[in-house]
Amino acid sequence: MARKTTYRIRQMKKKGKKIVMLTAYDAPSAQILSECGVDMILVGDSVGNALLGYESTVPVTLDDVIHHSAAVARAKPNSLIVGDMPFMSYKVSEEQALENCALMLQEGGAEAVKIEGAGREVDIVRAVVDSGIPVMGHIGLTPQSIFEVGGYRVQGRTAKQTKAMVKQAQALEEAGAFSIVIELVPSETARVITETIGIPTIGIGAGPHCDGQVLVLHDMLGLFQDFKPKFVKRYANIREVIQTAVKEYSAEVREGKFPDADYSFEMTEEETGRLYGRTKPA
Ligand code: KIV
């Protein structure tokens, strides 16, 4: 697969080709996703829940995401790498946003950034795009604002809310975003947005009408099982696979069956002789 660029991602909407996106936070996962032809890798602040044991994405820092993005970038995936700008790393001022988005590319090896929100964030998106950094927007449920939103609830249920969300998407497109994540909205809301704007929409919990879909890898593999939102389809139960392997390993260690000769290094007879000749008591 040739390397994916923001240009090619935009072209996919024009050609009616669905866009596949998944999260990854480490090199082996990024390698696997690239080998499977995944179009975009999101180094999401969901790393906070999936890997770091936080209850929300709020505690995740810029350094956390850069650290994981750099690991993903070292795998040299063909998928486009999108670094998720974490809580408060872009809202303080335009200067702060520009500096931190630049770090995501320079130190994190990302090729684009994702910014949550479409209120005063629109001007920030414009400034970041003007500086030459591609931006993916994010509307609907924005988990970094969870304390203000008041819970993980479906957004945009009414006609009024849907119209407001269409305006947000249009503002982000006008500001130069190359695509927009739509999270946790009814399918019809996502359909209206998708049909109204010219850039790709990437849905999560937003039904089938978006131009593409994103899931958190650890959710769809069944690695993270603290809770399962309705929109998560588990394509595997890797947690069970790991448990089976760990239990088998533990039993073999306790029974002295592992490691056997197949997994050990033996000395030659000569080496053994020399060892005992020198060290074995007479
Ligand atoms: O951090 C993340 O993984 C995300 C997705 C849920 C879109 O923002």
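Ligands are counted one by one from 1 in listed order, and the atoms in each one are counted from 1 as well.
- Taking atom 8 (O) of ligand 1 as the reference point, the nearest protein heavy-atom neighbour is K114 NZ, 3.0 Å.
- The shortest N or O to N or O distance between D84 and ligand 1 is below 3.5 Å.
- The distance criterion of under 3.5 Å between nitrogen or oxygen atoms is not met by E183 with respect to ligand 1.
- Other residues, nucleotides and ligands place more than 12 heavy atoms under 6.0 Å from the CD atom of Q11.
- Geometrically, ligand 1 and D45 share a nitrogen or oxygen pair separated by less than 3.5 Å.
- Taking the charged nitrogens against the carboxylate oxygens, E271 and R274 have no contact shorter than 4.0 Å, which rules out a salt bridge.
- Each of I32, L217, V216, L42 was scored for a side chain to side chain contact (heavy atoms under 4.5 Å, CB included) with L22, with one residue passing: L217.
- At the shortest separation from atom 4 (C) of ligand 1 among protein heavy atoms lies L42 CD2, 3.5 Å.
- Contact analysis leaves E116 out of contact with ligand 1, as no non-hydrogen atom separation drops below 4.0 angstrom.
- Shown here is E148, whose CD atom has no more than 12 heavy atoms of other residues, nucleotides or ligands within 6.0 Å.
- Summary of contacts: the protein heavy atom closest to atom 6 (C) of ligand 1 is I204 CD1, 3.6 Å.
- Remark: minimum distance from atom 2 (C) of ligand 1 to any protein heavy atom is reached at S46 OG, 3.3 Å.
- E94 pairs by the salt bridge (Lys or Arg N to Asp or Glu O under 4.0 Å) definition with nothing, not counting sequence neighbours.
- Each of the following atoms of ligand 1 lies closer than 4.0 Å to a heavy atom of G44: 1 (O), 2 (C), 3 (O).
- A continuous path of ILVMFWY side-chain contacts below 4.5 Å connects F231 to Y235, so both sit in one hydrophobic cluster.
- Within a 6.0 Å radius of NE2 in H67, no more than 12 heavy atoms belonging to other residues, nucleotides or ligands are found.
- Those atoms of ligand 1 that come under 4.0 Å of a heavy atom in T23, given as number and element, are 3 (O).
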